[in-house]
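To start, the structure itself, in structure tokens.
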Amino acid sequence: MAGNTSTLHGRAAKAVAGKSGPHGSNTPLRYLLIGIALAFLLLFLFMPLASIFAEAFRKGAGAYFESFDDPAAIHAIKLTLIVAAISVPLNAVFGLAGSWAIAKYEFKGKSFLTTLIDLPFAVSPVIAGLIYILMFGAHGWFGPWLNQHDIQIVFAVPGIVLATLFVTFPFVARELIPVMQAQGNDEEYAALTLGASGWQTFRLVTLPNVKWPLFYGVILCNARAMGEFGAVSVVSGHIREMTNTMPLHVEILYNEYNFVAAFATASALALVALFTLALKSFIEWRAASAQKFREGERLPDNTPLHQTS
Amino acid sequence: MTQHATATAPKTPRRSKKRGSVLPGFTPTMGFTIAYLSLIVLIPLSTVFLKTAGMSWAEFVEAGFSTRVLAAYKLTFGTAFLAALVNAVFGLLLAWVLVRYRFPGRRLIDGMVDLPFALPTAVAGIALTAIYSRNGWMGSWLEDLGIKVAYTPIGITIALIFIGLPFVVRTLQPVIEEIDVELEEAAATLGAGRWTIFRKVLFPTFFPALLTGFALAFARGIGEYGSVVFISGNMPMRTEIAPLLIVTKLEQYDYMGATAIALVMLVISFFLLLAINLLQRWSSQRIGHS
């Protein structure tokens, strides 16, 4: 769904110096606009972020760290890491295979397939959970069969992994497709001509070319996998020390009015989010300088831009 | 073995007309893509349609359009629309400021715009509730003014503004970067004032992108669950959003009811997805990347 919003391909392409309109840059209007923008961000972005840590440390650092000294909290952290460790690599492999198939070949229905890959972004997380209940729940399609064979999917870890796979499905693929399309097949043809096998071409030519967008997609996928709430909440059954991930643990603590522990767990998730954003900015910066470098190769510095284009 | 290898090596790779590429690996990667897409996304999603197909029309209308459900749709679409509108205005302003002006902390702020994408929705939900509840930073202050935010539709709208903001900013940023300053200079030379330049020169250029960002924020808003459930209070008929109603029905083992609402929401989401795709095509034509 999210189109090309915020893909690395789109974000790195910019790198323009600040250009200002015809009415000069040091006008009162400029300061007014910056002021309104900052006030809006302060209210809607920075205040919520600050409140997480303020609430978590309300009763001091001791109470904060005590919140993690709880078997339920430790289990939730472990389960969150396990779910991310399964779903992120699977969706990364899918992202590589899917973008190779879509970007490197021409076939009918390509844009339809790309839309289908984006589909999970358009689906409410709650519905993402519901569909696995309809498939694997006690009254679902495979419910009776699973029951006979004593296999538990819904209200157990496999259901959580499936729901997480669904909501994080497009992340890696949609980062890789535009980059692979833009790079074309020339380098791969060259490798094949020089006698490389298909696998060697992929591993030694394609993979190094897409390593930044791949990494970018993986960290976004990971952030969502660790933080998913709606879909996981529907399929988990909220069984403490069994099927509680960190976001679900936050909800339970919050509903029990154990606010310090709820916000302490939330602050750990917020740190993961901030770390993700920091990595993301770093990758954008790397990708932008790599792009400048490539463009610099193509354009000698004494060639004015408008003569070459 | 070696003889066989040398015998096949000189064979020149033929350019297959159908795929226009000599790269190997189309069949396995495409096969894996289709299989994985079907297993994780398409087959599970089809359950919603098949389950509803097993209901009679009367049952479907009863489950999907009862008074309580209609109130939930109204609230969900109303708050999502309002939040997307607020985001369209402030997202545009923010995108403009981030692209056109240089000020200390700009890069930090540019990076932080994505916070709602990265922050788990439940975390955002409890943080916003803490701020806007009666003794919170904003709540206590607004209470004196007689405004209640937490556990009202205003609270839901605020949560959806938080969630939707990056969609508008990130859709508009590349478009504003593409706008040629010379265009504005030409308009200014011809005597146009700031407001005229904005209305006649700038606005038409980024309008498709603005609409796309609005639609993305709206689509995200109608499905949102985690950030809303804490601040909404979840009172039936008053602050109960449609995704929450699906969860409530599921907890009561009313699978028919949950699936009927899910189908209505899915169909609307698919139409929005289609509209967004068309808008993006329009937008990229407008800035000259057909």
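For clarity, every value in this text was computed on a predicted model and none was experimentally measured. Side-chain atoms are counted along with the backbone in the values below, which use heavy atoms only and exclude waters and symmetry mates. Naming: A, B, ... by sequence-line order, numbering from 1 per chain.
Neither the backbone nor the side chain of Phe259(A) comes within less than 4.5 Å of any heavy atom of chain B. Neither the backbone nor the side chain of Tyr253(B) comes within less than 4.5 Å of any heavy atom of chain A. Looking at Leu274(A), only its side chain comes within 4.5 Å of chain B, counting heavy atoms on both sides. Using a 4.5 Å cut-off between heavy atoms, Leu165(B) contacts chain A through its side chain alone, with no backbone atom that close. There is no contact between Leu274(B) and chain A, counting heavy-atom distances below 4.5 Å. Proximity to chain B is limited to the side chain of Ile127(A), based on heavy atoms less than 4.5 angstrom apart. If you measure heavy-atom distances from Leu192(A) to chain B, the contacts under 4.5 Å come from the side chain alone. At a 4.5 Å heavy-atom cutoff, Val272(A) makes no contact with chain B through either its backbone or its side chain. For Leu277(A), the part lying near chain B is the side chain, with the backbone staying farther off; criterion is any non-hydrogen pair under 4.5 Å. Both the backbone and the side chain of Leu165(A) come within less than 4.5 Å of a heavy atom of chain B. In this structure, chain A has no heavy atom under 4.5 Å from any part of Ile261(B). For a residue to count as touching a neighbouring chain, one of its non-hydrogen atoms must lie under 4.5 Å from one of that chain's; by this rule Leu49(A) touches chain B with the side chain only. Residue Leu272(B): no heavy atom, backbone or side chain, is found under 4.5 Å from chain A. For Ile40(B), the parts sitting under 4.5 Å from any heavy atom of chain A are the backbone and the side chain alike. At a 4.5 Å heavy-atom cutoff, the contact between Tyr132(A) and chain B is made by side-chain atoms alone. Leu38(A) touches chain B through its side chain: at least one heavy atom from C-beta onward sits under 4.5 Å away, while N, CA, C and O do not. With a 4.5 angstrom heavy-atom cutoff, Glu188(A) touches chain B via backbone and side-chain atoms both.
Listed for the Thr47(B) side chain is no donor-acceptor partner under 3.5 Å among the backbone atoms of Met135(A). The backbone N or O of Leu23(B) lies less than 3.5 Å from a partner atom in the side chain of Tyr105(A), making a donor-acceptor pair.
Between Tyr254(A) and Phe230(B), the ring-plane angle classifies as perpendicular under the 30° and 60° cut-offs.
When all heavy atoms of Gly223(B) and Ser124(A) are compared, the closest pair comes out as O-OG, 2.7 Å. Across all their heavy atoms, Ser46(B) and Trp141(A) have their closest contact at OG-CH2, 3.8 Å. Across every non-hydrogen atom of Tyr225(B) and Val126(A), the tightest pair is CG-CG2, 3.5 Å.
Ranked by heavy-atom pairs under 4.5 Å with chain B, the first of Ala278(A), Ala101(A), Gly140(A), Ala223(A) is Ala101(A). Each of Ile161(B), Thr121(B), Val229(B) has some count of heavy-atom pairs under 4.5 Å with chain A, and the biggest count is that of Ile161(B). With respect to chain A, the highest number of heavy-atom pairs below 4.5 Å among Ser269(B), Gly111(B), Gly25(B) belongs to Gly25(B). Of the listed residues (Ile126(B), Thr33(B), Ile131(B)), the one with the most heavy-atom contacts under 4.5 Å to chain A is Ile126(B).
Two rings, from Phe44(A) and Phe90(B), have their centers 6.0 Å or more apart.
Here Tyr36(B) pairs with Asn91(A) under the side-chain hydrogen bond (donor to acceptor under 3.5 Å, both in side chains) rule; sequence neighbours left out.
Taking CG of Leu37(B) as the reference point, atom CZ of Phe94(A) lies at 6.0 Å (rounded to 0.5 Å). Distance check: Asn87(B) CG to Phe40(A) CZ gives 5.5 Å after rounding to the nearest 0.5 Å.
Contact of the Val123(A) side chain with the Met265(B) side chain is not registered, since no non-hydrogen atoms from C-beta on lie closer than 4.5 Å. You'll find the side chain of Arg107(B) reaches within 4.5 Å of the side chain of Trp285(A), heavy atoms only.
The only option from Val48(B), Leu266(B), Val41(B), Thr259(B) that meets the side-chain contact (heavy atoms from CB on, under 4.5 Å) definition with Ile131(A) turns out to be Val48(B).
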